[in-house]
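Everything below concerns the one structure shown next.
Owing to the predicted nature of the structure, the values given are computational and were not obtained by experimental measurement. Residue numbers start at 1 and run along the sequence shown.
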Amino acid sequence: MKETILSYQTDEIKVTWDKERCIHAAECVRGLPKVFDTDRKPWIKPELAGTSELIQVIEKCPSGALHYELKQSDQTEQPPEQNIITIEEDGPLYIHGEVAIKDLDGNVVLKDTRVAMCRCGKSQNKPLCDNSHIEAGFKADTSYDPERLGTEPVKGKGGELSVTLYENAPFLVEGNYDLVGEDTGRETCSKKMSFCRCGGSQTKPFCDGTHKKIGFVSS
């Protein structure tokens, strides 16, 4: 995963922006247009808003491109009570929670509260989305088969959501989470599930083995 991180500061807060993870969801621009203005350089001016306003808007950035550090407080962003995987139409999977992306040896390669996972197979920054789905003309609705999520009753909520990356294959999600798709609704699950990231599965967002047929390359 690539990163190009720029920072913008006041006496109270440091705002960081990872250019490589930004997919222009524009939650920041809609939330605080006086601070986040893409027609201006620098495009982020945190001094134009209060710290609490900045925090509220930054935590809505679905890709995790925006983060903050408070200079006079130990307060940090907390994951939601329940991990959430949201299916974006014709786009990525947004994961919001206590996310730990791992390699096959169990090493954590990224720990965050917000990530956008590529599901078109074309990103140059895999496993993260880089908006390549737009140029690729990727099409996928937000539906899923809830019967695939059949599991024992979930005890409690939240906790670590492990996302294990398999080479040239899907990623495996383990932990408690809610899967959300506008076409199907919201279902709670604690079952291990393999999610497609080659773009070719006929059972999206889940894997159906198509990556083998099309020669998907994950790096």
Q. Do any pairs count as a ring pair (Phe, Tyr, Trp, His ring centres under 6.0 Å) and have a residue in residues 163-197, sequence neighbours left out, and if so which ones?
A. Phe171-Phe195, Phe195-Phe206
Side chains of [X] and [Y], donor plus acceptor under 3.5 Å:
X: Gln78; Y: Thr76; answer: yes
X: Gln124; Y: Asp130; answer: no
X: Thr210; Y: Asp208; answer: yes
X: Glu89; Y: Thr142; answer: no

**Q.** Those residues that, when tested against Asp112, pass salt bridge (Lys or Arg N to Asp or Glu O under 4.0 Å) (two or more places apart)
**A.** Arg21
Q | All salt bridge (Lys or Arg N to Asp or Glu O under 4.0 Å) counterparts of Arg119, not counting sequence neighbours | A | none
Q.
Is it the case that over 12 heavy atoms from other parts of the model lie below 6.0 angstrom from the NZ atom of Lys126?
A. yes
Q) When rounded to the nearest 0.5 angstrom, what is the spacing between CD1 in Ile13 and OG in Ser7? A) 12.0 Å
Q) CD/Glu135 to SG/Cys120 distance, rounded to the nearest 0.5 angstrom? A) 10.5 Å
Q. Heavy-atom distance under 4.5 Å between the side chains of Val99 and Lys111, does that happen here?
A. no
Starting from [Y], can I reach [X] by hopping between I/L/V/M/F/W/Y residues whose side chains sit under 4.5 Å apart?
X: Met193; Y: Met117; value: yes
X: Val173; Y: Ile87; value: yes
X: Leu110; Y: Ile5; value: no

Q: Please determine which of Glu77, Glu12, Glu59 meets the side chain to side chain donor-acceptor pair (under 3.5 Å) test together with Tyr68.
A: Glu59
